[in-house]
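What follows is a structure written as structure tokens; I'll ask about it next.
To find a chain, count down the sequence lines: A is the first, B the second, and so on, and within it residues start at 1. What you are looking at is a predicted structure, and each value in this text was computed from that prediction instead of being measured.
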Protein chains: 2
Amino acid sequence: MTPARRPARIGFLLTQLGSLAAESFAARARELGITPPEAGAMRILGRGADMNQRELAEKLGVAQSRVVALVDSLEAAGLITRERSTTDRRNFVLHVTDPGRELLARLRSAAEAQEEELTEGLSADDRDRLYELLLRLGDARGLDRDVHPDYRGGSAHTDR
Amino acid sequence: MTPARRPARIGFLLTQLGSLAAESFAARARELGITPPEAGAMRILGRGADMNQRELAEKLGVAQSRVVALVDSLEAAGLITRERSTTDRRNFVLHVTDPGRELLARLRSAAEAQEEELTEGLSADDRDRLYELLLRLGDARGLDRDVHPDYRGGSAHTDR
DNA sequence: TATTGTTATACTCTATAACTATA
DNA sequence: TATAGTTATAGAGTATAACAATA
């Protein structure tokens, strides 16, 4: 005899809360003048290793052609530089500028503010517990990509 | 003096895991021949209260014009009927058919299979704890919509 | 006039494939 | 020939606004 069961809703809640989290982050990024995909590109470039556009495309998990527009606007905003490699003139070397580093710092602050807002109702212990559980879920999925892909989870679930 | 702090990553993890959950649900729904938005519409209609397209649009949080195509394909698939109201001939009354109910049952099974897969690495107690924490997060956000909206969380975060 | 549903149109995001320039 | 980057094109998904039928 099976015990009374909790409804299968973790997937649903993750989808819903993930949507909210992504939206709220997008709103904060917008205030800083950039889009979420641009923020993702900045963080990868901000790690320090200069890279070309093909490598960036690979890390972001998007098409190379997509990176062109992304890099165009980051360069126009003065957040990165794009210089021809001296050793292989087919490559552009992407490099974060000082204003770019300032933006990255503001993005980190935005993430902290979001975290605070998101977990407002939870105690410090609850937050730690939640963090740990989510981390285990992520690890089990091998979720270690630099930037998660877009998704179109849409009206996947209902009921509540 | 502030204690060593956990990185602000709950928002990031929710975004990433939410994306995975939405994707895996979409894949399962696809096997059943429907899209996530269609599944959302079916669940709302499946609650039993017959409604018209405007009401469905409101519950789904999408434009009325969007519902036209949605309802077109659900009707073509034989999952719902669409009959003119006898009292106000401007309205269509949407109603789930028997095959539609069968599909809903399969969707529920799919959600359970997904839940099992998603929480594979967690003990039953951990799953209950996670469920409870996510529920509190959702309640605090007033997240009680029938179907969550699409989102474009994109490359919002990176680092891990 | 107001409302339900429909169609026409446009916009956003992104990928695929053809193209240019270097190697 | 092969590769980095670019451009042209197309497709998905959705909203806004104009429109038709009914109230």
With five pairs defining each end axis, the helix from dT1(C)-dA23(D) to dA23(C)-dT1(D) comes out bent, to 10°, by 30°

| Does Arg28(A) come within less than 4.0 Å of Glu112(A), counting only side-chain N to carboxylate O? | no

Q. Quick one: do Asp98(A) and Arg101(A) make a salt bridge, cutoff under 4.0 Å?
A. no

| said: With a cut-off of less than 4.0 Å, is there a side-chain N or O of Arg66(A) near OP1 or OP2 of dA15(C)? | reply: no

To the nearest angstrom, the CE-C1' distance between Met51(A) and dG5(D) comes to 16 Å

_Under 3.5 Å donor-acceptor, Arg82(A) side chain and Val93(A) backbone_ = no

Check: Does Leu79(A) offer a backbone N or O that forms a donor-acceptor pair with the side chain of Thr97(A) under 3.5 Å?
Finding: yes

Per-nucleotide protein contact along nucleotides 4-10 of chain C, 5' to 3', at a 4.0 Å heavy-atom cut-off (B base, S sugar-phosphate only, - neither), is SBBB---

Pairing of Asp139(A) and Arg136(A) as salt bridge, 4.0 angstrom limit | no

Atom CG of Leu70(B) and atom C1' of dA12(D) are separated, to the nearest Å, by 14 Å

* To do: Show your reasoning for whether salt bridge (Lys or Arg N to Asp or Glu O under 4.0 Å) applies to Arg127(A) and Glu116(A).
  => CA-CA 10 Å; Arg127(A) 294 178 198 197; Glu116(A) 179 57 34; 3.1 Å; yes

Worksheet item: Got a sec: does the CZ of Arg89(A) have more than 12 other heavy atoms crowding it under 6.0 Å?
Response: no

Tell me whether Glu115(A) contacts the main-chain N or O of Ile10(B) through its side chain, where contact means a donor paired with an acceptor under 3.5 Å.
yes

Rounded to whole Å, CD of Glu38(A) lies from C1' of dC13(C) at a distance of 13 Å

